[in-house]
Number of protein chains: 4
Amino acid sequence: MVIVMENTATKEQIELVCQKLIDHGFDIHRSTGSNRTVLGVVGDTQQADTRDYEVMDGVHEVLRVTEPYKLAGRTFGPENSIVKVKDVEFGGSKIVLMAGPCSIESRDQIKKIGGLLSPLSTRILRGGAYKPRSSPYSFQGLGEEGLKYLREAGDTHNMAVVSEVMDRADILPALKYVDIIQVGARNMQNFALLKELGKVNKPILLKRGMSATLQELLMAAEYILSGGNHQVILCERGIRTFENYTRNTMDISAIPILKTLTHLPVVADPSHGTGIRKQVAPMARAAVAAGADGLLIEAHYDPEIAFSDGAQTLYIEQYEKLVEELKIVASAVGRSI
Amino acid sequence: MVIVMENTATKEQIELVCQKLIDHGFDIHRSTGSNRTVLGVVGDTQQADTRDYEVMDGVHEVLRVTEPYKLAGRTFGPENSIVKVKDVEFGGSKIVLMAGPCSIESRDQIKKIGGLLSPLSTRILRGGAYKPRSSPYSFQGLGEEGLKYLREAGDTHNMAVVSEVMDRADILPALKYVDIIQVGARNMQNFALLKELGKVNKPILLKRGMSATLQELLMAAEYILSGGNHQVILCERGIRTFENYTRNTMDISAIPILKTLTHLPVVADPSHGTGIRKQVAPMARAAVAAGADGLLIEAHYDPEIAFSDGAQTLYIEQYEKLVEELKIVASAVGRSI
Amino acid sequence: MVIVMENTATKEQIELVCQKLIDHGFDIHRSTGSNRTVLGVVGDTQQADTRDYEVMDGVHEVLRVTEPYKLAGRTFGPENSIVKVKDVEFGGSKIVLMAGPCSIESRDQIKKIGGLLSPLSTRILRGGAYKPRSSPYSFQGLGEEGLKYLREAGDTHNMAVVSEVMDRADILPALKYVDIIQVGARNMQNFALLKELGKVNKPILLKRGMSATLQELLMAAEYILSGGNHQVILCERGIRTFENYTRNTMDISAIPILKTLTHLPVVADPSHGTGIRKQVAPMARAAVAAGADGLLIEAHYDPEIAFSDGAQTLYIEQYEKLVEELKIVASAVGRSI
Amino acid sequence: MVIVMENTATKEQIELVCQKLIDHGFDIHRSTGSNRTVLGVVGDTQQADTRDYEVMDGVHEVLRVTEPYKLAGRTFGPENSIVKVKDVEFGGSKIVLMAGPCSIESRDQIKKIGGLLSPLSTRILRGGAYKPRSSPYSFQGLGEEGLKYLREAGDTHNMAVVSEVMDRADILPALKYVDIIQVGARNMQNFALLKELGKVNKPILLKRGMSATLQELLMAAEYILSGGNHQVILCERGIRTFENYTRNTMDISAIPILKTLTHLPVVADPSHGTGIRKQVAPMARAAVAAGADGLLIEAHYDPEIAFSDGAQTLYIEQYEKLVEELKIVASAVGRSI
């Protein structure tokens, strides 16, 4: 932490700041320039609230030097972490495809979709059982029954499965059935949920909140990591901007930046990231071109009759065409699918 | 719902759209212009996902006519709703002041603060027991013990009390001790929590998410209202924009707009809305000038030693001065404190 | 400027950074901690592009200590600047009201409006002659002819007048007729225009760009100030956010922050800031409550037939009622109208 | 345009709206439902300000059916437009590479860079002569002298050249020397400039404003097109969001959406879009994967000594490697470089 004093700061004001720093157990490197005094603060400043010093008289600005996250950062993990799910590796040289319907609608539906996607290089089957819907009047998912169907479909087609939990109470059933537990964008800062997932021994797919900064996403990951669960996969899924042609603005640029800031695998969800079927393929290709370690895509044999998010769901033949394109794009960045 | 077809749409494309609408139980008013066909859709379109039609061939645009919320809207409640907490009324002619520390730190601390604020027109004492902290390494609150101290402090000084819950599991203890249950910005779309609060017989103070549209805030309220709990107070507390001088941008303009869209009371939290002590008073005055029904403010006898958010917490003497200013501003809009 | 090295930075990397700093004429205060090295950079760092150092190997982060603006900042002007227009003072104890139609439509229209507003504590008459319209198919203003009518109307009713220029070529005619030259939001970073206005001896009303940070607004002011024209009035007029109920989100919080950062007067335009007639009065009151030095409001005897922006233009009787409310709000902050 | 009345609207209120529509020359299709009346408005509604009706009593909402742009839209141009610059085609099957330094610094510098880039599939040389700098204290460009050097360099290496104008006065010199005139993000709504460029017979590279919606970008293009100049190339170059790790957030998703909305060619500028050298290559690949027709990239033989934007400028060898990757990505979308 660096504290920059006003050029008009008095000697007493500087002393009061120093005193407060010492009270909090910090060491100080004082640099007195012709213009102003700058205090370098040494110690475990990650816990400090910079604003505590900003409001003091004579203080011009407080700058944070170290990021507030530790375990999620590159300092802690200079090498890319690999998160293993059965024999699938996130963060390795292969790009992982996860696909499936938005909602699990019936035993047959999910089994059929698994059968269609499995031959298309898709190692992980997705499907929602607990649905976060912005309207209380919308379909809310099949719950645990849905998870059971998902597990069966995965087992039948030799796929791992991923599904979302919305509440601490959903974790126990999820542990019985799924291989990866997903945390949705709206729950990215549901700290009660994150803490509980820190105690779990399953990979967590953590989606970026709609208006979360990358630092906040990494802090949310830190909640899970600091609880002891080191298997975290980050997921970009669209942010909120002033543009409203699409529901969200898929933030492709977050992908290479996250790869710089963290050792954790980074995947992208172009279905929620755009909300429009015909934008899914371009954004999926862009994500891989930008360095994503995997993709999460909604696909269905008949999106027209899907219970939810049909408008952003690919037809199987569209998905098939996309996978072929992705293989070429992956080769441009030295990877494969 | 209004569906606007492309001017190049074929007869068959129009028929397919009509067929789908009929399948979903809607009536259609067709208007064929020289340029293009427009379909007026009649029926309960609130459940419909406009994107299901947007992706059909020949469709140019789908426009939603009715808001997706019902109980929260002005159509349902043309008169302002009053939410009563003991003898305090939110949404009436009096502006309600809620104040207190960010965190409940000890029995003495909260009792002392209650004693200082109670004579200053402050009818409701606030204090956090379960703290949503962006870092897992920060102070996380006293939990139920804190709520007990808050209740005692309220009883001693004849104040009602408000505190935040972060998880469904926190609701039961909260019901024992608090008069108003607060839902924080990060949980505005924690639907599991909202549903549970719909079954509770206590007023809910629902904070706007950091990047929530006003429609999303009203949909979150709808979750509670549709569960049977009609005592909802909305709270503006700052949104996220590109400006980073302040942590959040306090959205004063949301206040008069919400008063137009909904019958529910609307309060403002200038402490979190700005994050900086010296901006709290101007924003508190602005909120009242813009029509807020109440304020939620952080105040402490010694912000310097507060466990959390000290930098945005007013000194008692600052709060006292502010209350005097607010009385004048309130009179400009025909209200009192 | 402070350069924070990576904790893995090698001795050579640190040397290369130091060498570059020395090449650019800076002095260095080196502080070597147990964890990492921090370089304090002394000299005229305002011209430096921090990114030049950020991209060097071993550099973790570069923090700017001084703001890039000088003349606009509080360091330069600890006292509030007063900008005088005839006998009207911006930045003094009186709050200045500027009002009038969006567009000057005819000699009679602007004269009539001046006559209606002048008795209502309105010292300055506004009216647009060069209109920045987002559509090339919309009314583009009367040009110089309009300015002539505005001047006449002002003289008749003893009001100063303000109007917008859009291009360097508009400055000369404007100088003949107006007392304050307005720069619109879309031209806030039209540097060719700003430079030219730096040479002019008239007050400039500089509107904040729709997505400009406060620092960028102050840098735009710096362009004018550094040219020698010290009569700059800043104007908040709404920013772009994700909310689209209103065209813009009026950023009331910018007002007290600007008053902290700069000595220049700060006014607010609630007409463009909201775009909706019934939101103008609440936002005007809020602006004064938050510390604005003046207001710029659109008013017309018949907004229904106004050539532009009728929907955000107040009826004269609405304006009259508002002025009375503003007088009370002003008294709450120790000011008058 | 569709006007939705309140369900409480009286007969007279509906009549007043109809009367106003008729006064403005529109035809009306009235649809009276059980709940509310909806008015379909027929005629040239592109000029109408929807807010004129929104503020009328009894009106619930006004929805625009047709986009406000005509010549830029897909309705006008169902086929992709090709913009030709010498023998280079924008919008065809080949992806066009434009590259060069941020600023033209000297005759030698630009000639040397042209010589290095020309063999690397780069058909167009870029270089700035009039520089829009946010600080008045920064290097402002060589002006017309710079354009002369750029022309010479282009002729020497058989490249077309592109450079930015900032003001109407810059157009004449630019016409003498450059093949494509660039309008920068800050001038996207400098309507005086756009109108003048509508009269010019040279291709215009129009950059998206930092916070411009896609509709606003297309309206800016409409200014040029409606003046008679149909050679417009759109350029995505990063938008402003809440994330501040990068200066801008490169909006890759804008590319496929623009290709849906308009027939004009769409290129991307990953240098300004990210502002950080190491993010340029991933974003360039992503842009091509998403369907961009070309790229505008800053490259220099020694970015360390570049007069401006060195931190986002590629080394020649980085550029060379990128071009190879881009060739593979282009093949995934059926194109070549």
Side-chain angles (χ1 to χ4, degrees), chain B residues 67 208-218 238-261 268 270 273-276 278-292 321-322 324-334, chain C residues 67 208-218 238-261 268 270 273-276 278-292 321-322 324-334:
Chain B
E67 304 83 8
R208 180 185 185 187
M210 206 141 50
S211 72
T213 62
L214 299 180
Q215 180 175 301
E216 286 172 332
L217 172 59
L218 292 171
I239 58 171
R240 180 154 282 175
T241 69
F242 52 82
E243 175 63 51
N244 46 44
Y245 183 83
T246 43
R247 187 173 280 206
N248 295 300
T249 299
M250 177 87 183
D251 183 10
I252 295 289
S253 74
I255 297 167
I257 298 172
L258 280 171
K259 296 299 290 182
T260 307
L261 298 177
T274 64
I276 302 177
K278 76 173 144 187
Q279 307 300 348
V280 172
M283 288 298 102
R285 295 191 307 256
V288 170
K321 178 169 178 293
L322 171 60
E324 291 313 305
E325 294 169 346
L326 292 175
K327 286 178 181 169
I328 304 174
V329 177
S331 75
V333 291
Chain C
E67 304 82 10
R208 180 186 184 187
M210 207 142 48
S211 71
T213 61
L214 299 179
Q215 181 175 302
E216 286 172 332
L217 172 59
L218 292 170
I239 58 171
R240 182 153 280 175
T241 69
F242 52 82
E243 174 62 50
N244 46 44
Y245 182 84
T246 43
R247 189 173 279 208
N248 296 299
T249 298
M250 176 88 183
D251 183 11
I252 296 289
S253 74
I255 298 167
I257 299 172
L258 281 171
K259 297 298 291 181
T260 306
L261 298 177
T274 65
I276 301 178
K278 76 173 144 188
Q279 307 299 350
V280 172
M283 288 298 101
R285 295 190 307 256
V288 171
K321 178 168 179 293
L322 172 59
E324 291 312 305
E325 294 169 346
L326 292 175
K327 287 177 181 168
I328 304 175
V329 177
S331 74
V333 290

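Since the structure is predicted, the reported quantities are computational estimates derived from the model, not experimental observations. Residue numbers start from 1 in every chain, and the chains themselves are labelled A, B, ... in the order their sequence lines are given, proteins ahead of strands.
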Derivation and outcome, side chain to side chain contact (heavy atoms under 4.5 Å, CB included), residues B:Ile252 and B:Met283:
CA-CA 8 Å; B:Ile252 295 289; B:Met283 288 298 102; 4.1 Å; yes

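- In this structure, B:Glu243 contributes its side chain and C:Leu214 its backbone to a donor-acceptor pair below 3.5 Å.
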Verdict with supporting geometry, C:Thr241 and C:Ile239, side chain to side chain contact (heavy atoms under 4.5 Å, CB included):
CA-CA 6 Å; C:Thr241 69; C:Ile239 58 171; 4.1 Å; yes

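- Heavy atoms closer than 4.5 Å to chain C are found in the side chain of B:Lys278, but not in its backbone.
- Chain B forms the most heavy-atom pairs under 4.5 Å with one residue out of C:Val288, C:Val329, C:Ile257, C:Ile328, and that residue is C:Ile257.
- For a residue to count as touching a neighbouring chain, one of its non-hydrogen atoms must lie under 4.5 Å from one of that chain's; by this rule B:Leu261 touches chain C with the side chain only.
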Run the side chain to side chain contact (heavy atoms under 4.5 Å, CB included) check on C:Asp251 and C:Arg208 step by step: do they pass?
CA-CA 10 Å; C:Asp251 183 11; C:Arg208 180 186 184 187; 2.9 Å; yes

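- Only the side chain of C:Gln279 comes within less than 4.5 Å of a heavy atom in chain B; its backbone stays farther off.
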Please assess C:Leu322 against C:Arg285 for the test side chain to side chain contact (heavy atoms under 4.5 Å, CB included), listing each intermediate value before the final yes or no.
CA-CA 8 Å; C:Leu322 172 59; C:Arg285 295 190 307 256; 4.0 Å; yes

Could you go step by step and tell me if B:Glu324 and B:Lys327 meet the salt bridge (charged side-chain N to carboxylate O under 4.0 Å, His left out) rule?
CA-CA 5 Å; B:Glu324 291 313 305; B:Lys327 286 178 181 169; 3.4 Å; yes

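- For chain C, no part of B:Thr274 is nearby; none of its heavy atoms comes within less than 4.5 Å.
- Neither the backbone nor the side chain of B:Leu326 comes within contact range of chain C; no heavy atoms are under 4.5 Å apart.
- For a residue to count as touching a neighbouring chain, one of its non-hydrogen atoms must lie under 4.5 Å from one of that chain's; by this rule C:Ala212 touches chain B with the backbone only.
- Contacts of C:Val333 with chain B are made by side-chain atoms alone, with heavy-atom separations under 4.5 Å and no backbone atom involved.
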